[in-house]
Every structure is written in structure tokens, then in C-alpha cells.
2 protein chains.
Amino acid sequence: MPPVPVKGVGTKTAPRRAGRPPRALLGHAQITRAALRLVTRDGYKALTMSGLAKSLNVAPSALYNHVSSKQDVLLLVEDALMGRVDVSAFTERPWEEAVRLWAHSYRDVFSAHLPLIPVIALLPVTNAPQTITMYEAVTDGFLRAGWPQERIINAIVALESFVFGSAYDVNAPGDIFATGELEDAAPHFTAAVARRGNPAGHNDADAAFALGLDAMVAGLAATLASATR
Amino acid sequence: MPPVPVKGVGTKTAPRRAGRPPRALLGHAQITRAALRLVTRDGYKALTMSGLAKSLNVAPSALYNHVSSKQDVLLLVEDALMGRVDVSAFTERPWEEAVRLWAHSYRDVFSAHLPLIPVIALLPVTNAPQTITMYEAVTDGFLRAGWPQERIINAIVALESFVFGSAYDVNAPGDIFATGELEDAAPHFTAAVARRGNPAGHNDADAAFALGLDAMVAGLAATLASATR
DNA sequence: ATTGTAAATGAACGTCATTCATTTAGTGAA
DNA sequence: TTCACTAAATGAATGACGTTCATTTACAAT
């Protein structure tokens, strides 16, 4: 599939003249709620337009009065989930700790929503208010830590890239590095996989995430220090 | 969709007793080549079982004698592409530079093959010889640089996670951070986006990738130094 | 010649997302 | 009250797609 056909959320809930009582069964809010419930209960395989319609007691075609495609539904869900990413540390904690807490929260939210990662990574944030709110809070935190404007977006994108990749890793099976019959061709790799050591209480994905996050945060902090000197 | 239904490559090309001349039109090699050609020419949207069959002058159902699902085709393509990732620097260059060159090559190969990222990130490497070969070379490079066995896989996974996320970012549209009507709600973010500055010759994705890679490599090197002290 | 079998065929299925002509039911105006 | 308007819902239809399966094909060993 190609770089995801990109549009903003299409059909909006119709603008309604003031005291007009609503008679619609559907709206962005209802669709988003139902989609989120469906996905949480049965996973993304169950998120079909018919399944979504059924969960709303409505015909599938009715959805298209409020949304212009399934992509639009994914966009709605994505933005709703962005509201769950915890950015509070950026106003309460020093930069390094805040970045770590934000990255952890971000990864945890989307590791349960992998199909949304291409949506976040490739679609404009336009018309995604919660997404924009998150970026604003993060940018603000960077500014307060003394980051120069010109570098902030690149730093956020770099951290985000690591978060997205790590979200995939959370869902990797435990035997993802099992070499099988080809073990003999890769002795060093096989040995390293066998001896992969993780701190107490950390699974493989958490250990790799912690290592990479510590490295990147430390490296970025060093970058900042040398840039502001 | 759920964490990708996972299997190894299914139906193998039948083991053939010695002097038996092949009469088959199809095989893993032909399928892989045709899929790669199709994808390179027309993108992943064009990679359908019928399209693939047509490009091989064969009925779609014939593919299933050699491959057990479309996932299998993706796995074949993925492994073929892994052979294009340049790991030569690990035998010729110091660790930091080798990691940088490897990561760049890895990102460049798969930024043109985004739909394979979930495949790489979630499916066991078993029966993916080129993939295993790549990991062996990388592991070997880490060992030679003095990395302790127990940390190597976590470091590779962390770097890979960043590479995968960055591959998505390569395909992000230029206006991905355009806030549109919600500009007023995110003044700091909007300003930072407007002032995003990139070194000469670098586009946005390259600048973010370079920043994150430098940070992570420096951070990992520091980790190594303190671990071996 | 006969038999066995891997591989190819073509018709079918079920599942999707999406479109469209039509109907429904409130609303504001006459 | 009546009427006309319209947003929203319906249900049937369409076209892609991945996959299955009974059947046939054509080569190789016997």
C-alpha cells in the first residue's frame, strides 16, 4: 500500500442553526466513541465500517453522511487517543524527566493501536485538536528548558520516531529473534539473543526502550548544552 | 488490525530429487522477483495476489502452491530487501561511524517499503536468511567494539526502532505540522514549526534523523563506556 | 503404456469499503 | 395545518481483494 492517501476529516457534522433540536443518531462523537469501544474490545480487525455501523444500530452507508472514508474514522480515533498521552510532566518536572514520562506514555497508548501509527506519522495534524494540543504542550516544555526554536521540531520528531518504532516492538513475539535452522549461520547473533539480559521487572521491549530512551535523552541534552554554550 | 497473524514462510518449493528437471513456472525466487518489480514500479497498492499472478502470466491460485498467504509474499520481499542494507562498515570502520552508516542505509531501504515495517518488527526472523545475515554482521560489529553480549540486542532493537519510525517520517508530507484553523490554540508549536531550521542539503526528515541518530549513538557510546569501566 | 504427483487452472466464496437512488422525519415558512 | 425543504438513514448494488477447491495438466519414474 502506498504512503496512505491523505485527507483531513471529511464531512463535518452539519452546522445547525441555533435552537434546532438534533434528530441525528450519528455524529463525530458517537462514531469516535463506538470505534474506540469496538477496537478496545475486539481489536482493529473488528473495526470495519459494517461492524462499526452495527455497533451503532445503523446501516453502514449512514456513516458516510458524517465521515468521508474509513481513514477518517481512524483519524478521529487517533486524535481521541492523543488526548490520553500524558504531557503533564512538561509543566511540573525538569526537561529530561518530562521527556521520559511523555515518551513512555506516548508509547504505551499507541502500542495498543499499531494501525494508527501510519496515520499519525503520515497525516497532517490539521483538524486534530488533541494532537495539536499535545504538540503545543511538548513544544512549550522544550522552550522552557531553553531549547532554541529551530531545533525543537526536529528533536520532537526524532523522539517520536523512536516512540513509534518502540510501540511496534512492544507487540513483537518473544521468539522474534529465533534463528531456527539458520542458527549456525549466525553464531554471534544467536549467542547475543540467548544472553540478552534485562533488569528486574523489565521485559525485552521495556529494556530496549529504556536503553534507547536514556541514550537519546542524554544525547539530546548534550546537544542542547553545546548549542546554548 | 491485531498484531499481525504470524507464521513463517509456508509452502516451500518442493524438494526435488536430484536429476529431476524442473517443469514449474513458479518458485520463491520468481515470486520474490516479480513482487519486487511490481512494488518498485507501481507501489504497494498494486501488490495484489491477482496483480502478482498476472505479472507472472499465471492464475492467482497458482501462487498458493508456493506461498501460503500474502503475508508470505511480504516476508519474501522483506528478506530480499534486507540484503540491500549495507553492513559493510561494521568490518571497515569504527563502531560509531559504522552504526551511523548502517542506520542510514537501513532507513533508506525501508522508507520506500513502509508496509513491510510491521512485517519486520513483528515477525520472527526464522527462515529469513538475509535478515539473519544482517543481524549477524551488526552483532559482530558490536562485539568487536567491546559491547557486552547482554546489551547488544537491546541496543540493536533501540536503534532499529528509531530507524523504523524515521522511515515513516521520510514519507510524511511537508505540511504534516500545518495547524490550519487551530493555529491560535498552539502558538508555540506553530512558531517552532515555522522556524524549523535545517542544515544545508538536508530536508526535514534528514535533519530530524541526523539529530536523533547523533544523540542516540552518542548516548549509547556513553553507556558502553560506563559499562566497561 | 501406466501410474503418481507437483503444479496450474478457473470457478466460486466471503469480506471489505464505498456509491447511489430512494425514503424518512423533523423544521421553517406559508 | 399544510407544504416544501433538507439532513440523515436505508438497502441494494458494485468492484476489489484474499483465499479455497475440485479438476486438469504434464512430466518422471516404474
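Chain identifiers are assigned alphabetically (A, B, ...) following the order of the sequence lines, protein sequences preceding nucleic acid strands; residue numbering begins at 1 within each chain. If you're wondering where the values come from, they're calculated on a predicted model, not measured in any experiment.
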Practice problem: Would you please name every residue forming a salt bridge (Lys or Arg N to Asp or Glu O under 4.0 Å) with A:R195, sequence neighbours left out? | Solution: B:E150

Quiz prompt | Results of ring-ring contact (aromatic ring centres under 6.0 Å, His included) for B:F110 - residues two or more places apart only | solution = B:Y106

Quiz item: Within less than 4.0 Å of OP1 or OP2 of D:dA7, is there a side-chain N or O belonging to A:H66?
Solution: no

Practice problem: Grab the NZ-P distance between A:K54 and C:dA17 for me, whole Å please. | Solution: 13 Å

Quiz item: According to the salt bridge (Lys or Arg N to Asp or Glu O under 4.0 Å) rule, which pairs have a member within residues 102-117 of chain A, sequence neighbours left out?
Solution: A:R107-A:D206

Quiz prompt | Partner set under salt bridge (Lys or Arg N to Asp or Glu O under 4.0 Å) for A:R151, not counting sequence neighbours | solution = none

Quiz item: Can you find an N or O donor on one side and an acceptor on the other, under 3.5 Å apart, linking the side chain of B:N65 with the base of C:dA8?
Solution: yes

Quiz item: How many Å lie between CG on A:L38 and P on C:dC16, as a whole number?
Solution: 11 Å

Quiz prompt | Any residue meeting ring-ring contact (aromatic ring centres under 6.0 Å, His included) with B:Y135, in chain and number order, not counting sequence neighbours | solution = A:F177, A:F189

Practice problem: Using the test ring-ring contact (aromatic ring centres under 6.0 Å, His included), find all partners of A:H113 that sit at least two apart in sequence or belong to another chain. | Solution: A:Y44

Quiz prompt | Rounded distance (Å) that lies between atom C1' of D:dT19 and atom CG of B:L52 | solution = 14 Å

Exercise. Quick one: closest heavy-atom pair of A:A208 and B:A158, and the distance?
Key: O-CB, 3.7 Å

Self-check item: Summary of protein contacts for nucleotides 18-23 of chain C, nucleotide by nucleotide, where a base hit scores B, a sugar-phosphate-only hit scores S (4.0 Å, heavy atoms)
Solution: BBB---

Quiz prompt | Whole angstrom value for the distance that separates P of C:dA6 from CG of B:L63 | solution = 19 Å

Below 3.5 Å between N/O atoms, which protein atoms pair up with nucleotides 13-16 of chain D? Just atom names and distances, please.
none

Exercise. Quick one: list whatever passes ring-ring contact (aromatic ring centres under 6.0 Å, His included) with A:H104, sequence neighbours left out.
Key: A:F209

